[in-house]
*Asks:* 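Sharing a structure here in structure tokens format.
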2 protein chains.
Amino acid sequence: MNTDDVLGKAPLFAALDRESAAALRTGISEVELHKGQTLFSEGETGDRLYVVLDGKIKLVRTAPDGRENLLSVLGPSEMFGELSLFDPRPRTASAIALTDVRLAGLGHDDLRPWLTGRPEVALHLLRALAQRLRRTNDVMADLVFTDVPGRVGKALLDLAERFGQRTEEGLRVHHDLTQEELAQYVGASRETVNKALADFAQRGWLRIEAKAVVIMDAERLHARSR
Amino acid sequence: MNTDDVLGKAPLFAALDRESAAALRTGISEVELHKGQTLFSEGETGDRLYVVLDGKIKLVRTAPDGRENLLSVLGPSEMFGELSLFDPRPRTASAIALTDVRLAGLGHDDLRPWLTGRPEVALHLLRALAQRLRRTNDVMADLVFTDVPGRVGKALLDLAERFGQRTEEGLRVHHDLTQEELAQYVGASRETVNKALADFAQRGWLRIEAKAVVIMDAERLHARSR
DNA sequence: TAGACATTGTGACGTACTGCATCAAGGGGG
DNA sequence: CCCCCTTGATGCAGTACGTCACAATGTCTA
């Protein structure tokens with residue numbers, strides 16, 4: 001997919017008509033990262049917002065004792081890093097490439113005139129943040145109420161919605177996460193996640209592949225995860 | 001404190017000069033609730049935003065099986081209910097008065113012209129949402145990494161920052177929450193929270209009162225909670 | 001192609017937390 | 001004013017999950 005198409009799906013640009021979007025794009029700088037490279041780190045100052053053009057990137061937070069928490073996995077047309085743009089404080093998470101990745105970056109100064117001049121841009125961003133807040137509250141409730149296998153199931157179904165591809169076997173989700181990362185994502189130990197996955201596989205609900213799963217029975221998985 | 005002073009501290013109004021704030025206020029409707037009364041419920045449609053003028057109100061989510069999750073406790077000059085305003089979907093939480101409470105309500109139509117006409121209002125709201133998102137991520141990390149006593153300590157210190165009053169004994173925090181509610185807030189059972197509180201009290205870090213605590217050793221409490 | 005290192009798979013064991021059950025205290029409503 | 005019901009306090013048994021330990025793969029690189 002080309003850059004224009006991907007950007008067009010991002011909420012930031014969806015708000016604009018064709019010419020405005022093109023104008024906004026002139027302020028954009030493209031960045032490419034190889035798998036494992038860090039875009040920015042927790043604690044740094046920064047006022048750039050990014051939209052994923054191709055590949056996947058993860059946002060991680062490191063606790064003082066070194067343990068890590070995976071906040072989100074972002075794919076094409078998804079946006080991140082905007083918090084430090086609206087609220088000028090150091091970054092609270094690091095962004096690390098899960099695969100080779102191509103990004104569109106937009107600085108505070110590039111965006112500011114659009115925010116002040118075109119109210120619909122600000123409104124779209126408000127909506128995007130509101131949706132994120134809703135989603136985050138869901139995840140919090142899951143952490144409290146749902147057990148680890150349930151959270152693993154939910155995480156897989158969520159990833160499936162965004163990255164899943166229909167195959168004759170089922171829904172293939174190439175999440176590009178190690179089980180360790182999946183564990184950090186759902187807030188559990190690697191071992192427990194592994195056992196949950198093994199259990200699901202044994203029941204025939206899914207098949208485990210390297211950094212991917214093929215979901216064969218989304219129904220059951222969903223039922224188990226609620 | 002009078003209505004003007006309280007509203008002046010709210011991020012929504014802080015963005016405006018005196019006359020603009022006064023103009024915006026004309027769209028406001030005041031609501032009064034008695035302790036225990038419900039302002040709105042999960043699932044309802046609604047496009048009103050509220051600012052607490054006096055008293056406290058809680059936002060709760062109910063899981064399908066009936067268990068409840070307390071999202072936040074809001075006091076004077078704090079804002080809530082704005083998500084459904086930016087993102088027109090049913091409310092995802094219920095708002096219930098913890099004490100007798102007085103609120104300022106502002107509808108979608110009242111606010112819209114200000115959002116489109118005065119970019120600084122939208123920017124302030126973006127900043128407010130960004131801060132909330134940061135905060136929510138902190139809480140999520142705590143749910144994963146911190147044990148129940150630690151979360152209780154953090155919750156108390158957070159409430160202390162917002163509602164605490166210096167006394168000769170220490171910092172009195174009249175949180176207006178039952179231990180049951182505090183438990184729903186930190187994502188634990190009532191019993192566990194009670195034991196954590198009892199333990200803190202026994203160590204002399206705080207004293208327990210009805211729907212309040214007096215923090216005598218914030219240092220130690222903070223150290224225990226990290 | 002071999003060796004090294006990262007990732008995955010699985011069991012044993014300890015423990016923090018939950019859920020239940022019971023009891024005491026206090027405060028608001030009839 | 002007294003009763004009842006909410007709130008707070010505490011012990012105990014069951015369990016889900018984390019930690020540890022190790023084996024079996026897979027994958028990158030020299």
Side-chain angles (χ1 to χ4, degrees), chain A residues 34-37 58 63 65-70 96 98-100 142-153 155-156 174-203 206-213 224-225, chain B residues 34-36 58 63 65-70 96 98-100 142-153 155-156 174-203 206-214 224-225:
Chain A
H34 285 295
K35 177 178 170 174
Q37 284 190 307
K58 65 174 178 180
D65 65 352
R67 281 181 303 179
E68 295 198 335
N69 185 3
L70 207 164
I96 301 172
L98 279 174
T99 66
D100 288 356
D142 289 341
L143 278 175
V144 173
F145 294 129
T146 313
D147 63 5
V148 175
R151 299 206 299 269
V152 171
L156 290 178
H174 203 94
H175 49 63
D176 285 302
L177 298 172
T178 66
Q179 292 185 357
E180 173 70 49
E181 286 167 327
L182 192 53
Q184 292 168 1
Y185 191 37
V186 301
S189 72
R190 186 193 56 81
E191 293 90 330
T192 308
V193 169
N194 178 289
K195 282 160 194 170
L197 285 173
D199 181 56
F200 291 158
Q202 152 125 38
R203 290 171 194 272
L206 52 77
R207 199 156 50 72
I208 301 170
E209 299 187 349
K211 299 200 172 186
V213 293
R224 170 63 183 82
S225 304
Chain B
H34 287 294
K35 177 177 169 173
K58 65 173 178 180
D65 65 353
R67 282 180 302 180
E68 295 198 333
N69 186 5
L70 207 164
I96 301 172
L98 281 174
T99 65
D100 288 357
D142 289 340
L143 277 176
V144 173
F145 294 130
T146 313
D147 62 6
V148 175
R151 301 206 297 270
V152 171
L156 290 178
H174 201 94
H175 50 61
D176 285 301
L177 298 172
T178 67
Q179 292 186 355
E180 173 69 48
E181 286 167 327
L182 193 52
Q184 291 168 1
Y185 191 36
V186 302
S189 71
R190 196 194 90 255
E191 294 90 329
T192 309
V193 169
N194 178 284
K195 282 161 193 167
L197 285 173
D199 181 57
F200 291 158
Q202 153 128 35
R203 290 171 195 270
L206 53 77
R207 199 155 52 71
I208 301 169
E209 300 187 348
K211 299 199 173 186
V213 293
V214 180
R224 170 63 182 82
S225 304

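Note that the structure is predicted; figures quoted are calculated from it, not measured. A note on names: the letters A, B, ... follow the listed sequences, proteins ahead of strands, and every chain is numbered from 1.
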*Asks:* With a 4.0 Å cut-off on heavy atoms, is A:Ser189 in touch with a base, just the backbone sugar-phosphate, or nothing at all?
*Replies:*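 The answer is base, as A:Ser189 lies within the cut-off (heavy atoms under 4.0 Å) of a base atom.
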
*Asks:* Would you kindly give the NZ-to-C1' distance between B:Lys211 and D:dG8, to the nearest whole Å?
*Replies:*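 That distance rounds to 12 Å.
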
*Asks:* From the list C:dT18, C:dG9, D:dC17, which nucleotide is the closest neighbour of the side chain of B:Val148?
*Replies:*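 Among C:dT18, C:dG9, D:dC17, the one nearest the side chain of B:Val148 is C:dT18.
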
*Asks:* Can you check the A:Glu180 CD to C:dC5 C1' distance for me, whole Å?
*Replies:*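 Distance check: A:Glu180 CD to C:dC5 C1' gives 15 Å.
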
*Asks:* Quick check on the helix from C:dT1-D:dA30 to C:dG30-D:dC1: what's the angle between its two end axes, five base pairs per end, to the nearest 10°?
*Replies:*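 The helix from C:dT1-D:dA30 to C:dG30-D:dC1 shows an end-to-end axis angle of 50°.
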
*Asks:* State which residue, out of A:Lys58, A:Glu68, A:Arg190, fulfils the side chain to side chain contact (heavy atoms under 4.5 Å, CB included) condition with A:Glu181.
*Replies:*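 Checked A:Lys58, A:Glu68, A:Arg190 against A:Glu181; only one passes side chain to side chain contact (heavy atoms under 4.5 Å, CB included): A:Lys58.
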
*Asks:* CG of A:Asp199 versus P of C:dG9: gap in Å, rounded?
*Replies:*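 Atom CG in A:Asp199 sits about 13 Å away from atom P in C:dG9.
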
*Asks:* Using a cut-off of 4.0 Å on non-hydrogen atoms, how would the nucleic acid contact of A:Ala188 be classed: base, sugar-phosphate, or nothing?
*Replies:*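 Result for A:Ala188 = sugar-phosphate.
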
*Asks:* For the CD atom of B:Glu180 and the CD atom of B:Glu191, what is their distance to the nearest 0.5 Å?
*Replies:*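 Spacing of CD (B:Glu180) from CD (B:Glu191) equals 8.0 Å.
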
*Asks:* Given C:dG19, C:dG9, D:dG8, which nucleotide is nearest the side-chain atoms of A:Ile208?
*Replies:*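 So the nucleotide nearest the side chain must be C:dG9.
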
*Asks:* With respect to the side chain of A:Thr178, which nucleotide from D:dC17, C:dT7, D:dG11 is positioned closest?
*Replies:*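 Per side-chain heavy atoms of A:Thr178, the pick is C:dT7.
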
*Asks:* For A:His175 and C:dT7, what is the distance between atoms NE2 and C1' respectively, to the nearest whole Å?
*Replies:*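 These atoms are roughly 13 Å apart.
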
*Asks:* Is the backbone of A:His34 close enough, under 3.5 Å, to the side chain of A:Asp100 for a donor and an acceptor to pair up by distance?
*Replies:*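 No: the side chain of A:Asp100 does not pair with the backbone of A:His34.
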
*Asks:* Quick one: does A:Arg190 reach the base of C:dG9 with a side-chain donor-acceptor pair under 3.5 Å?
*Replies:*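 A donor-acceptor contact between them is present.
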
*Asks:* Starting at atom CD of B:Gln179, determine the distance to atom P of C:dT18, rounded to an integer number of angstrom.
*Replies:*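 These atoms are roughly 14 Å apart.
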
*Asks:* State the CG-CG distance between B:Leu206 and B:Leu197, to the nearest 0.5 angstrom.
*Replies:*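 These two atoms lie 6.5 Å from each other.
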
*Asks:* Whole-Å distance between C:dG9 C1' and A:Phe200 CZ?
*Replies:*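 After rounding, the reported distance stands at 16 Å.
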
*Asks:* Could a donor-acceptor pair under 3.5 angstrom be found where the side chain of A:Glu191 meets the base of D:dC17?
*Replies:*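 Under the 3.5 Å cut-off, the side chain and the base do not form any donor-acceptor pair.
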
*Asks:* Set out, in order, the CA-CA distance, both residues' side-chain angles and the distance that settles salt bridge (Lys or Arg N to Asp or Glu O under 4.0 Å) for A:Arg203 and A:Asp199, then state yes or no.
*Replies:* CA-CA 6 Å; A:Arg203 290 171 194 272; A:Asp199 181 56; 3.0 Å; yes

*Asks:* Please determine whether a side-chain nitrogen or oxygen atom of B:Asn194 lies at a distance below 4.0 Å from atom OP1 or OP2 of D:dG8.
*Replies:*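 Answer no for this pair, as no side-chain N or O of B:Asn194 is under 4.0 Å from OP1 or OP2.
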
*Asks:* Taking A:Arg151 for the side chain and A:Gly187 for the main chain, is one N or O donor matched with an acceptor at less than 3.5 Å?
*Replies:*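 Yes; judged by distance alone, with no hydrogens or angles, the pair exists.
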
*Asks:* Considering heavy-atom distances to DNA chain D, does B:Glu209 or A:Val193 have its closest nucleotide positioned more toward the 5' end?
*Replies:*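 It is B:Glu209 whose nearest nucleotide is closer to the 5' end.
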
*Asks:* In chain order, what residues pass the side chain to side chain donor-acceptor pair (under 3.5 Å) check against A:Asp176, with sequence neighbours excluded?
*Replies:*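 In terms of side chain to side chain donor-acceptor pair (under 3.5 Å), with neighbours along the sequence ignored, A:Asp176 is linked to A:Lys56, A:His174.
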
